[in-house]
Amino acid sequence: MFYSKLGLTTIKENPSDAEIISHQLMLRAGLIRKLSAGLYTWMPIGLRVLRKVENIVREEMNNAGAQELLMPAVQPSSLWEESGRWNEYGSLLLRIKDRHNRDYCFGPTHEEVITDIARKELRSHKQLPLNFYQIQTKFRDEIRPRFGVMRAREFLMKDAYSFHLDQDSLEQGYNLMHETYSKAFERMGLEFRVVDADSGEIGGNRSQEFHVIADSGEDAIAYCDEENYAANIELTPTLKSQAKIVKSKKRKEKKHTPNTKDIASLCKLLKVEPKDTVKTLLLKGEKKPIAVVLRGDHQLNIIKAAKISGISLPVTMADEKEIKKSTGYDFGYIGPIDLGLEIYYDHAVAEMPSLICGANEKDYHFVDANFSDDLGNPDTIDLRNAEVGDPSPNGRGKLSVARGIEVGHIFQLGTKYSQALKASVQDDSGKDVPLSMGCYGIGISRIVAAAIEQNHDESGIIWPENIAPYKVIIIPINMHKSKKVETAALDLYEFLKNQNIEVLFDDRKIRPGIQFADAELIGIPIRIVISEKGITNNQIEFRSRISQDSEMLSREEAIKRIIS
RNA sequence: CGGGGCGUAGCGCAGUCUGGUAGCGCACCACAAUGGGGUUGUGGGGGUCGUGAGUUCAAAUCUCGCCGCCCCGACCA
């Protein structure tokens, strides 16, 4: 392809609204252009990358025996009402009406549609197992779309759904997808990790996420290398300490602590660390608020809190007014002693030799309170987020934390949708059995951004070879001045094209500096420079985007290196 | 949704407080010089100042409405 035909414009300055590197580089390199919040046009170069990713996924899915189909992007409300998600899914669902005022949505996912297909098409266990997939544009009306295509509203996703007679078969199908995903991400040249995950609103049993490791990732992953344990931090259990607790001999004492509504100011006043304090959080409950008590430096884990019986979902903090109303006490000075509400304690609170807590009296805290003497040594539960250095849940080694970008998610759904939508087959005894289902997603468009997050330098993108828009870029130096350069460059271009090498030819009449800078920004893996000087010596310059080393090679050697 | 910010040329911004000919850098076009790392000079094209109403002799600038975009949002008890 000739560069001049791409309609490509690169940008030297960073657009002001791009926060993360992949978003900046995608805009600067002309891969995408924004139409509106969370809506992007894929420009020719960007689309080439998108298609590469898509095709790797498609090939691996096909290899695994999955069947591609294509479902409508727009779906009738009736199916969603049947599954119960028309209300459950909330405002992520983009609802639209047709001319007859009938309700539709732009599909954020396709469990309902595929289950509808299954119930209409599948009659016998002999048709199972099956895996259908599609690569389709989805729309989720995100609260806050951001980071370009990373969290866009409209995005391209591969979603697959498998159907099984029983759990055993589902597990086989699930494991096959696990393998398939690993192969696909390996082919894309991405460093990734598979982690245990929450199945969220899709529902179901087992679920794992595939994360591309990158500092800008939205999810924190806790992992233990010793035992190959990895889980989304939201889901990582924290353990009750087995160590013997040395309890402080001091007796609790009430201290005057004005203007210390938060942990930071309390610590400053008393000259202590947050880990010496506890915080008492009031969460909305079905009847009265429910108190949870955590060490001052720990963070409440919402998923864990959601399991407390009687709690209102989604988990929300009670506000100042509600606190006053339900306890009679003041915001900022709530503590577990004589609170008069149901209280849940995190494991770590029991391990504190003494603790500092609100005294349920404005401007007063207790210091040197004691878990057994003053709180009555209650049972504790797991309520907090795991942290770096916590013991690994498998009992061996300590946890580290990395950030990751979720690019794939596999679920064992079980029979949630097949029961709701009455999709069943007859087993070999003639009995109707609801289908066991798995579902498996890959964020195709997000992968493009994730790949950039993981592969870039100051000059621009460094594409892994298998997803690069072009493999080679030929840069002739001052071609318009030198017939020799033009002939040699075009000759090599034609040759490589005939070898089915994806090659970009920079035919622009501009200074070499700009050509080099653009080639690096766009991230083409191999750069070939053809110049008057080189031709005289029978040499051309070969340079890899990764190593940045230039080598002068003969035409034959260069071709060999490109093709290999 | 709550809080904050922004909307002026393709991009990045100044001008708004204090109303009076719409500017700068990059990009773009032409010419010339230069010719292996975003070169230089000269000349040029391009803007309903987000939008609607109001105030005024006069509005990018003041007032009100609307729209759009961006950032932050349990971690406070």
Side-chain angles (χ1 to χ4, degrees), chain A residues 9-20 23-24 27-28 30 33-39 90-91 141 143-148 257 260-266 274 277-284 289 291-303 305-306 314-324 326-327 329-336 339 341 346 356-362 365 383-385 387 459-460 475-482 485 508-521 527 529-534 540-541 543 548 550 552:
Chain A
T9 44
T10 58
I11 302 166
K12 208 192 292 186
E13 290 165 293
N14 264 331
S16 63
D17 55 3
E19 290 290 310
I20 60 169
H23 188 197
Q24 292 169 354
L27 289 168
R28 286 187 49 209
R33 290 291 179 243
K34 184 169 83 173
L35 176 64
S36 178
L39 303 176
S91 45
D141 201 357
I143 299 172
R144 187 143 82 90
R146 62 186 133 176
F147 304 149
T257 53
T260 55
K261 281 190 173 184
D262 56 64
I263 300 272
S265 48
L266 179 66
T277 69
V278 297
K279 52 186 174 193
T280 308
L281 309 177
L282 263 46
L283 306 176
K284 289 186 184 169
V292 295
V293 178
L294 298 162
R295 213 170 77 186
D297 59 326
H298 284 156
Q299 293 187 8
L300 176 66
N301 179 303
I302 301 245
I303 292 176
V315 175
T316 0
M317 312 287 281
D319 61 30
E320 222 161 313
K321 267 191 216 150
E322 286 176 272
I323 291 173
K324 186 79 185 173
S326 56
T327 65
Y329 302 140
D330 282 301
F331 177 87
Y333 298 95
I334 302 291
L339 179 62
L341 289 174
D346 181 67
I356 298 169
C357 61
N360 294 327
E361 183 178 341
K362 190 169 166 32
H365 279 84
L383 276 174
R384 68 179 175 96
N385 276 343
E387 292 180 348
S459 313
I475 300 182
I477 302 289
N478 296 319
M479 176 176 81
H480 58 284
K481 279 275 183 73
S482 164
V485 169
R508 294 175 298 169
K509 188 179 165 184
I510 48 168
R511 298 181 66 84
I514 301 173
Q515 294 180 300
F516 296 150
D518 279 340
E520 280 154 21
L521 177 60
R527 185 183 93 186
V529 178
I530 304 217
S531 67
E532 189 87 35
K533 193 170 66 191
I540 60 181
E541 182 192 313
R543 175 154 139 151
Q548 302 271 43
S550 297
M552 297 307 294

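Here is how names work: the chains are called A, B, and so on, in the same order as the sequence lines, proteins then strands, and each is numbered from 1.
- Leu282(A) places a side-chain heavy atom less than 4.5 Å from the side chain of Ile334(A).
- For the pair Asn301(A) (side chain) and Leu383(A) (backbone), a donor-acceptor distance under 3.5 Å is absent.
- Base-pair partner of G68(B): C6(B) (Watson-Crick or G-U wobble, both distances under 3.5 Å).
- Qualifying ring pair (Phe, Tyr, Trp, His ring centres under 6.0 Å) partners for Tyr333(A), counting only residues two or more places apart in sequence or in other chains: His365(A).
- Counting heavy atoms from C-beta outward, Thr257(A) and Leu266(A) have side chains that approach closer than 4.5 Å.
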Under 3.5 Å, N/O pairs linking protein and nucleotides 5-16 of chain B:
{"residue": "C11(B)", "atom": "O2", "partner": "Glu13(A)", "partner atom": "OE1", "Å": "3.4"}
{"residue": "G12(B)", "atom": "OP1", "partner": "Ser16(A)", "partner atom": "N", "Å": "3.2"}
{"residue": "G12(B)", "atom": "OP1", "partner": "Ser16(A)", "partner atom": "OG", "Å": "3.4"}
{"residue": "C13(B)", "atom": "OP2", "partner": "Ser16(A)", "partner atom": "OG", "Å": "3.2"}

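- Ile20(A) places its CD1 atom 13 Å from the P atom of C70(B), with the value rounded to the nearest Å.
- Not a single salt bridge (Lys or Arg N to Asp or Glu O under 4.0 Å) links Glu13(A) to another residue, sequence neighbours left out.
- Partner assigned to A74(B) is none, using Watson-Crick or G-U wobble distances below 3.5 angstrom.
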Base-contact (B) and sugar-phosphate-only (S) positions in nucleotides 27-37 of chain B, heavy-atom cut-off under 4.0 Å, - elsewhere: -------BBBB
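- Panel note: side chain Gln24(A), backbone Ala18(A); a donor-acceptor pair is recorded below 3.5 Å.
- The same atom, P, is picked in G37(B) and in C31(B); the two are 25 Å apart, to the nearest Å.
- When the side-chain nitrogen and oxygen atoms of Arg144(A) are compared with OP1 and OP2 of C72(B), one or more of them lie within a distance under 4.0 Å.
- With sequence neighbours excluded, no residue forms a side-chain hydrogen bond (donor to acceptor under 3.5 Å, both in side chains) with Asn360(A).
- With C1' as the reference atom, C70(B) and G50(B) are 15 Å apart, rounded to whole Å.
- Rounded to the nearest Å, the gap between the C1' atom of U16(B) and that of C62(B) is 10 Å.
- A distance of about 9 Å separates the P atoms of C17(B) and U61(B), rounded to the whole Å.
- No side-chain heavy atom of Thr280(A) sits under 4.5 Å from any side-chain heavy atom of Val292(A).
- Look at G43(B): its Watson-Crick or wobble partner, with both distances under 3.5 angstrom, is C29(B).
- Partners of Asp17(A) under the salt bridge (Lys or Arg N to Asp or Glu O under 4.0 Å) rule, at least two apart in sequence or in another chain, are Lys34(A).
- Nucleotides C67(B) and A74(B) place their P atoms 26 Å apart, quoted to the nearest Å.
- In this structure Arg511(A) satisfies the salt bridge (Lys or Arg N to Asp or Glu O under 4.0 Å) test with no other residue, sequence neighbours excluded.
- Atom name P, nucleotides G44(B) and G35(B): the rounded distance is 28 Å, in whole Å.
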Within the sub-3.5 Å range, which N or O atoms of nucleotides 45-50 of chain B have a protein N or O partner, and how far apart are they?
none

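- Every side chain to side chain contact (heavy atoms under 4.5 Å, CB included) that Thr10(A) has, sequence neighbours left out, goes to Tyr3(A), Leu8(A), Asp518(A), Leu521(A).
- With P as the reference atom, G68(B) and G52(B) are 16 Å apart, rounded to whole Å.
- You'll find the side chain of Leu281(A) reaches within 4.5 Å of the side chain of Leu294(A), heavy atoms only.
- U40(B) and C71(B) are spaced 40 Å apart, taking the C1' atom of each and rounding to whole Å.
- With a 3.5 Å ceiling on both atom-pair distances, the Watson-Crick or G-U wobble partner of G23(B) is C13(B).
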For nucleotides 74-77 of chain B, list the nitrogen or oxygen atoms of the protein found under 3.5 Å from its nitrogen or oxygen atoms, one pair per line.
{"residue": "A74(B)", "atom": "N1", "partner": "Leu300(A)", "partner atom": "O", "Å": "2.4"}
{"residue": "C75(B)", "atom": "O2'", "partner": "Lys279(A)", "partner atom": "NZ", "Å": "2.8"}
{"residue": "C75(B)", "atom": "O2", "partner": "Gln299(A)", "partner atom": "OE1", "Å": "2.9"}
{"residue": "C75(B)", "atom": "O2", "partner": "Gln299(A)", "partner atom": "NE2", "Å": "2.7"}
{"residue": "C76(B)", "atom": "O3'", "partner": "Lys261(A)", "partner atom": "O", "Å": "3.3"}
{"residue": "C76(B)", "atom": "O2'", "partner": "Lys261(A)", "partner atom": "O", "Å": "3.1"}
{"residue": "A77(B)", "atom": "OP1", "partner": "Ile263(A)", "partner atom": "N", "Å": "2.1"}
{"residue": "A77(B)", "atom": "O3'", "partner": "Ile334(A)", "partner atom": "O", "Å": "2.9"}
{"residue": "A77(B)", "atom": "O2'", "partner": "Ile334(A)", "partner atom": "N", "Å": "3.0"}
{"residue": "A77(B)", "atom": "N1", "partner": "Ala318(A)", "partner atom": "O", "Å": "2.9"}

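- Counting any heavy atom pair closer than 4.0 Å across all strands shown, Glu19(A) reaches sugar-phosphate atoms only and no base atom.
- Annotation: salt bridge (Lys or Arg N to Asp or Glu O under 4.0 Å) contacts of Glu520(A) (sequence neighbours excluded): Arg527(A), Arg543(A).
- Base pairing annotation: U48(B) forms no Watson-Crick or G-U wobble pair, as no partner gives both donor-acceptor distances under 3.5 Å.
- Between Lys279(A) and Val293(A) the shortest side-chain heavy-atom distance does not fall below 4.5 Å.
- The CG-C1' distance, from Leu27(A) to C69(B), rounds to 14 Å in whole Å.
- Pair check for G37(B) finds none; no Watson-Crick or G-U wobble contact set falls under 3.5 Å.
- Under the side-chain hydrogen bond (donor to acceptor under 3.5 Å, both in side chains) criterion, Arg295(A) pairs with Asp297(A), His298(A), sequence neighbours left out.
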